[in-house]
Trainee: 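Take a look at this one; I'll ask things after.
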Amino acid sequence: ALAAGLDLEMPPNLGVSDAALVTAVRAGQLDEPVLDAAVARVLHLVEQATRPAGPVSPLDPDAHHALARDAAAQCAVLLKNEDGILPLRPAAGTTIAVVGEFARTPRFQGAGSSQVNPTRVEVPLDEIRAQVPDGVEVAFAAGFGTGTSQDEQLAAEAVTLATRADTVVAFLGLPAAEESEGFDRTHMDLPANQTALLARLAAANVNLVVVLANGSAVRLSDWTGHAKAVLECWLSGQAAGGAAADLLLGAANPCGRLAETLPLHLEDSPSYLNFPGEAGHVRYGEGIFVGYRGYDAVAREVSYPFGHGLSYTSFGYHDLSATVTGRADRGDLAITVSCRVVNSGDRRGKEVIQLYVGDPESAVARPRRELKAFTKADLEPGAAVAAGFTLTARDLSYWSPAARDWVLEGGEFEIAVGASSRDIRLSTTVSVASAARPVTLDGAATLQEWLADPAGSVLLRQAIGTGPDGRPAGILGNEELLTIIGNFPINRLAAFPGLGVSQATVNELIAQAGDQRPES
């Protein structure tokens with residue numbers, strides 16, 4: 001670990017790790033300069049940390065809290081808003097039923113070592129009451145508890161309240177015991193007492209809004225049909241309560257986007273068959289197809305896709321253009337992408353414009369499309385902005401373990417912009433030229449790769465002989481057979497009788513190909 005760059009072990013394994021380092025240096029297994037460099041970096045950190053501080057600006061907790069409230073509002077994701085039920089527009093004489101213990105006792109941060117001491121904590125119920133117009137009743141019912149002994153009584157009280165309310169706002173989420181450091185969740189569901197309550201609330205009042213507080217993704221497919229709106233607020237800090245009230249009542253406009261896919265079922269996850277593994281080993285079998293890349297690769301239906309998020313206004317996308325300049329081999333390849341985005345609604349809002357790239361024809365497995373850039377536009381009603389992006393060769397490339405480098409495969413690429421990974425508004429294609437990376441002609445190279453390589457093809461024909469058509473003579477001149485064995489590594493051909501290829505022939509081919517390689 002030290003040789004790989006780790007300077008500090010926490011917690012320190014005193015008497016063990018330090019002794020192991022001394023032993024490794026003395027045995028010649030660890031170069032002493034490596035240890036010296038790590039010590040120097042730690043001492044530099046100590047020096048910086050103990051250096052007398054300069055003038056410190058006075059703490060302004062009110063300004064910090066205002067920033068936390070704005071950040072919480074911008075990070076919340078409006079997943080669903082049927083019939084435009086949000087923002088709420090309560091009038092004097094109406095009743096809002098606020099249901100759920102999280103509205104009175106908010107969960108705003110993680111458990112374990114992520115806990116911090118807030119300067120203050122805003123309570124959603126209090127913040128809603130402070131913002132509604134005079135004459136609007138905001139009534140509360142806990143609805144559920146942490147155990148099961150009082151669930152029925154609490155649920156019955158909440159249903160009774162819902163029947164007389166104009167709108168029900170249910171604050172649901174994951175308690176700290178459901179998600180924390182040190183263990184993995186075994187499911188993605190909300191607690192059963194919450195989802196059971198939700199069905200009863202929906203039966204009592206169709207105007208049902210759900211506000212979620214959770215630190216990681218939850219499954220919505222078994223209950224989202226009961227709610228007209230779902231506002232995902234995550235664990236958004238000490239000002240989460242005020243931010244939720246701002247969003248519910250329209251003082252703020254939602255603009256957050258999902259940074260992960262919300263699946264219909266846990267079993268739909270690309271990692272489901274591999275995680276959590278066994279015998280202390282986890283195989284990352286999904287490879288590059290993690291998250292939305294995996295769901296898109298198999299066209300799997302999801303509850304809400306990566307990048308999704310609604311607004312109280314609407315946005316139009318127009319005039320996509322993509323211009324290629326420079327060349328990959330010169331290192332100055334650039335693709336300039338632009339589109340015009342218009343706020344076509346009736347209120348100010350922010351749109352997250354997302355740029356995706358896809359390589360429809362690739363020699364390797366690649367995602368259907370990948371997010372490469374995004375920007376946020378703040379627009380008044382009727383206003384427009386020209387959103388611009390610049391892509392480089394790296395954005396079009398894939399990592400090749402064989403080449404130990406990023407590889408740009410020339411050809412056509414899809415350039416797409418939209419409001420989520422599955423809400424693509426505009427797309428176009430560009431053609432990018434790139435020199436083909438030469439295949440290493442060794443024993444692992446396939447027969448097709450040898451035939452496709454100019455030098456390798458000549459060597460192969462010389463070794464085996466050629467027929468009148470210029471292809472390898474004998475049985476290798478059989479097109480049907482070439483289709484079958486063309487993807488075999490050449491060092492396996494000698495194992496097949498009747499092909500006219502011996503192990504000595506293969507060894508000589510590999511040696512000759514190596515002699516022709518340019519020196520690196």
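Predicted model, so just to flag it, every value in this text is computed and none were measured. Quick note: numbers below take in every heavy atom, side chains included, and nothing from hydrogens, waters or symmetry partners.
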Trainee: Side chains of Lys350 and Asn253: donor-acceptor distance under 3.5 Å anywhere?
Mentor: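 Distance-only check fails for Lys350 and Asn253.
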Trainee: For residues Leu154 and Gly145, report the shortest heavy-atom separation together with the two atoms involved.
Mentor: CD1-N, 3.6 Å
Trainee: Side chains of Leu78 and Leu247: closer than 4.5 Å at any heavy-atom pair?
Mentor: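 The answer is no; the side chains never approach within 4.5 Å.
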Trainee: Taking Phe306's backbone N and O only, do any of them form a donor-acceptor pair with Ser421's side chain (distance below 3.5 Å, no angle check)?
Mentor: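 Flag set: sc Ser421 to bb Phe306 pair under 3.5 Å.
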Trainee: For Thr195 versus Trp223, what's the shortest heavy-atom pair and its separation?
Mentor: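 Reported closest heavy-atom pair: CG2-CD1, 3.7 Å.
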Trainee: Quick one: are His308 and Leu79 in side-chain contact, heavy atoms under 4.5 Å?
Mentor: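 In short, these two side chains touch, coming nearer than 4.5 Å.
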Trainee: Evaluate side chain to side chain contact (heavy atoms under 4.5 Å, CB included) for Asp423 paired with Gln354, printing each intermediate quantity in order.
Mentor: CA-CA 10 Å; Asp423 185 8; Gln354 303 163 43; over 6 Å; no
Trainee: What closest approach, in Å, do Ser114 and Gly110 show between heavy atoms, and which atom pair accounts for it?
Mentor: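 That closest heavy-atom pairing would be OG-C, 3.2 Å.
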Trainee: So, Glu351 and Asn343: side-chain donor and acceptor under 3.5 Å apart, yes or no?
Mentor: no
Trainee: Counting only heavy atoms not in Arg404 (residues, nucleotides, ligands), do more than 12 fall under 6.0 Å from its CZ?
Mentor: no
Trainee: Please name the pair of heavy atoms, one in Ile415 and one in Val430, separated by the smallest distance, quoted to 0.1 Å.
Mentor: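 Closest heavy-atom pair between Ile415 and Val430: CG1-CG2, 4.1 Å.
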Trainee: Minimum heavy-atom separation for Arg348 and Asp378, please, with both atom names.
Mentor: NH2-OD2, 2.6 Å
Trainee: Between Ser269 and Ser271, do the side chains contain an N or O donor and an N or O acceptor separated by less than 3.5 Å?
Mentor: yes
Trainee: What is the distance from atom CZ of Arg293 to atom CG of Leu371, rounded to the nearest 0.5 Å?
Mentor: 8.0 Å
Trainee: For a 4.5 angstrom cut-off between non-hydrogen side-chain atoms, does Arg185 reach Glu179?
Mentor: yes
Trainee: Which is it for Asp7 and Arg41 under the salt bridge (Lys or Arg N to Asp or Glu O under 4.0 Å) test, yes or no, and what are the steps along the way?
Mentor: CA-CA 8 Å; Asp7 297 339; Arg41 286 193 292 266; 2.7 Å; yes
Trainee: Look at the aromatic rings of Tyr292 and Tyr356 and report parallel, tilted or perpendicular, splitting at 30° and 60°.
Mentor: perpendicular
Trainee: Would Lys80 and Tyr304 count as a side chain to side chain contact (heavy atoms under 4.5 Å, CB included) if you check the C-alpha gap in whole Å, the side-chain angles of each, and the deciding distance to 0.1 Å?
Mentor: CA-CA 9 Å; Lys80 178 181 180 179; Tyr304 297 100; 3.5 Å; yes
Trainee: Output yes when a side-chain donor or acceptor of Thr313 lies under 3.5 Å from a complementary backbone atom of Gly349, and no otherwise.
Mentor: no
Trainee: For His226 and Leu201, what are the C-alpha separation, side-chain angles and deciding distance, and is it a side chain to side chain contact (heavy atoms under 4.5 Å, CB included)?
Mentor: CA-CA 8 Å; His226 296 311; Leu201 292 175; over 6 Å; no
Trainee: Under the criterion side chain to side chain contact (heavy atoms under 4.5 Å, CB included), I'd like the reasoning laid out for Phe413 against Leu391: C-alpha separation, chi angles, the key distance, then a yes or no.
Mentor: CA-CA 12 Å; Phe413 290 85; Leu391 301 173; over 6 Å; no
Trainee: Contact between Val342 and His318 at the side-chain level, heavy atoms closer than 4.5 Å - yes or no?
Mentor: yes
Trainee: Answer whether the closest heavy-atom distance between the side chains of Leu264 and Ser303 falls below 4.5 Å.
Mentor: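 Of all side-chain heavy-atom pairs linking Ser303 with Leu264, at least one is under 4.5 Å.
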Trainee: Is there side-chain contact between Leu379 and Val385, with at least one heavy-atom pair below 4.5 Å?
Mentor: yes
Trainee: Begin from the C-alpha positions of Glu127 and Arg69 and carry the test salt bridge (Lys or Arg N to Asp or Glu O under 4.0 Å) through to its verdict.
Mentor: CA-CA 12 Å; Glu127 295 297 324; Arg69 184 162 175 162; 3.5 Å; yes
Trainee: Only one of Arg366, Arg422, Arg368 passes salt bridge (Lys or Arg N to Asp or Glu O under 4.0 Å) with Asp296; say which it is.
Mentor: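 Result: among Arg366, Arg422, Arg368, Arg422 is the only option passing the salt bridge (Lys or Arg N to Asp or Glu O under 4.0 Å) with Asp296.
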Trainee: Which heavy-atom pair separates Ala162 from Asn205 by the least distance, and what is that distance?
Mentor: O-ND2, 3.1 Å
Trainee: Does this structure show an ion pair linking Asp62 with Arg120, if we count only N-O contacts that are shorter than 4.0 Å?
Mentor: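 Here Asp62 pairs with Arg120 in a salt bridge, since their nearest N and O are under 4.0 Å apart.
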Trainee: Between the side chains of Arg394 and Thr392, does any donor sit under 3.5 Å from an acceptor?
Mentor: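 Not at all, the side chains of Arg394 and Thr392 share no donor-acceptor pair under 3.5 Å.
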Trainee: Given side chains that start at C-beta, do those of Leu262 and Pro305 come closer than 4.5 Å, heavy atoms only?
Mentor: no
Trainee: For the residue pair Ser338 and Ser321, confirm or rule out a side-chain donor-acceptor distance under 3.5 Å.
Mentor: yes
Trainee: Whether the Ser344 and Ser314 side chains hold a donor-acceptor pair (N or O, under 3.5 Å, no angle test) is what I'd like checked.
Mentor: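 Yes.
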Trainee: Going by heavy atoms in the side chains, are Tyr398 and Glu370 under 4.5 Å from each other?
Mentor: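 Heavy-atom side-chain distance check fails, nothing below 4.5 Å.
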